[in-house]
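Every chain is numbered from 1 and lettered A, B, ... according to where its sequence line falls, protein lines coming before strand lines. The structure displayed is predicted, hence computed values, not measured ones.
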Amino acid sequence: MEAAGSFRELFGRPVRPGGGQRAEAEGGPPPVLILSVPEGTTVEGLVRLLAEDYPAFGAVAYEKGRLAGAFQIVIGDRLLELAGGWQRVLVENDNVVLLPPFEGG
Amino acid sequence: MALGFCGRVLRVDLTSRHTWVEEVPDATYERWLGGVGLGSTILYREVGPEIGWDHPDNRVILASGPLAGTRLSGSGVLAAVTRGPMTGGACSTQANGFYGAYLKTQGYDAVVIQGQSPEAVYLLVHEGGKAELRSAQHLLGLDTWELGERLKAELNLKTASIFGIGPAGENRVRFAALVGDKGHVAAHNGVGAVLGAKRLKAIVVARGPGRPRVHNEAELDRARKALSDHSKSREFGVRMQAYGTASSVLTHYRAGSLPIRNLTTNILPEAENLSGQRMRQTPALKLKPQPCWACNLRHHCQTVTVLEGPNAGFEGEEPEFEAMTGMGSALGITDTVAAVVLANVVDRMGMDINETAWSVGFAIECLSEGILSRQDVDGLDLGWGKPEAARQLIERIACREGIGDLLADGVKEAAKRIGGRALELAVFTEKGNSPRGHDHRAVWAELLDTCVSNTGTIEATGGYMDFSLLGLPPRKDAFDAVETAFYNAKMNGYRQFQDSLGCCRFCVDHPPLMVDALNAITGWSWSFGDAMAMGRRVVHQLRAFNFRSGITAEGERPSRRYGSVPVDGPAKGAHFTADWPRVLATYYEGMGWDPTSGKPLPETLRALGQDELIPVFWSS
């Protein structure tokens, strides 16, 4: 799983020792978090797991207990809505990219 | 006089070279606030349907707002309202900087410009509200950056807001912009062309002694701190402080919303070169903070100097996201420095970077498809990823030379004149405006908004919205066309309220706190519902202005390319316009409009206290 943006910003703290923050600041690729989840876990389930582990992420992901539309997810290079939606079941080697809230300007 | 306002506007008639002060009743502020609200009511009252964008009787209203000039972050915004040449209808466009704050120190809520000067002039507002029109003949031909520097030196003003037009405005390029305060741009719907037609080269507002009168300083300070915390702590704010708005380039790319090669693809592996992060890692670029009035996101706006290479010594501003995409990915350019320089060339010429990008990309594709010949494009070596040829074309557009003259009326007009397959390649709405520098085929809310807006740019979307304030759950599916239309309709009004306050959207974007700040300044007791109603009144007033000018729902659709289906990338196959009539009907119904004609229903207008608009829509 990748976070396009910064894990620190999205999760409130590094998600692994070193956090990859320096690499990002220097233009390196975003850090990758490799997760094992129970068989049958959906994208919605993954987000729930992450929200439990990282409350700062949960605050972005949920609004008043409901999944928020504030961030987007890309799975297998496709936007989640076009790739099966929240109920899509994750399979081995799925690459999930979390896109934090963004604007233009 | 209502607190938070000066109670008067400066009127300027360029034909007679006469200036005067007009008192504004409190009731006007209580109904319309400032910014686009105040501007739209003056525009509606004074510019009839027979007055075209370049007619001397057209008005340009340059307004501040009730929050302007306070310690609230970014409260120096300029809101420009006029009849614009791109759509022939209402124009509302904003720029940050210092204008709004300084204008209030001179004792005005807005400057209202009418008439047409026989020769180029500039307006100077200084010495406690004194207004002078001075010759600008010697300033003709200067670009917007040179204009600011020259006037500042000439007038020996240490603190002044200087906005003006570049060569594009002088030549009435229809998408000419109003640019000032080192790189801030009121870009949309050709406000610079209107000023060019009036021969007003610049507006200079010195910082004066006045200070805004505030009802409750302590409460304002509480709201200010909370707004500051919100803007600095939310995810986008954190990134923007460090890397500017172009920090989102890679995110947009991954979401399929980065505009690439005139929307012919969504694949550009080098996209990250256009990011704010990459700008900061490029040794050839030196950035220096250049914050707007009271800005708490101090590293968002920066000046940029090119230190090495063929453009060494070039000075400009750090381009925003849309500038880097417009002069980068949209043209297939991935060289960081080249995109930075090109973006500044457009600003200096004084043009809307969005329309410029769609026009140049269109010309490149027409050439590559054999629709235009090399001779048609004046022998320019146009192609994807060729910044020098793009620069030459941009300068030709600004001066209306050769192929530039064809493109200077906007991409829709150019495509119509070329005809045939050219119309299939051009990115525009049938109303005549074009989208921001995004690929909206993956951002359906903005695509719809760009088509149905009454302002010449987005009207309802962009930025933060807590839907629970509207009694709605969070959106479930950004690729559900009907849901998109419904939510757009429900949130419309909020942005118009925001643009009537005189504050930067990036700094002040939390609905309840914005209302708190307004109440602290004015002593009123507005609710969020009052704010939404005010914003929806603006929407309806602008729609009435357009409707009586013959601009109806018929033009509320995207061009073929703009509404096309992405052929690759993260949103491949997504087709928003598959059932466009249903999308429009849902939006219109959500707004309280007739689902077929898009005309506001009498009961909708009555509920907003706008009975006077009913005959405009329903007289026959």
J.: Non-hydrogen atoms of chain A under 4.5 Å away: do they reach the side chain of B/Lys476, the backbone, both or neither?
T.: backbone
J.: Let me know if B/Ser275 has heavy atoms under 4.5 Å from chain A in its side chain, its backbone, both or neither.
T.: neither
J.: Quick one: does B/Leu472's side chain get under 4.5 Å of B/Phe486's, heavy atoms only?
T.: yes
J.: Short question: side chain of B/Thr336, backbone of B/Met279 - any donor-acceptor pair under 3.5 Å?
T.: no
J.: Taking NZ, NE, NH1 and NH2 as the nitrogens, is one of them in B/Asp509 or B/Arg495 under 4.0 Å from a carboxylate oxygen of the other?
T.: yes
J.: Between B/Pro473, B/Gly462, B/Gly437, which shows the greatest number of heavy-atom pairs under 4.5 Å with chain A?
T.: B/Pro473
J.: Against chain B, label A/Leu79 side chain, backbone, both or neither, depending on which of its atoms sit under 4.5 Å from a heavy atom there.
T.: both
J.: Can we call the ring centroids of B/Phe321 and B/His438 under 6.0 Å apart?
T.: yes
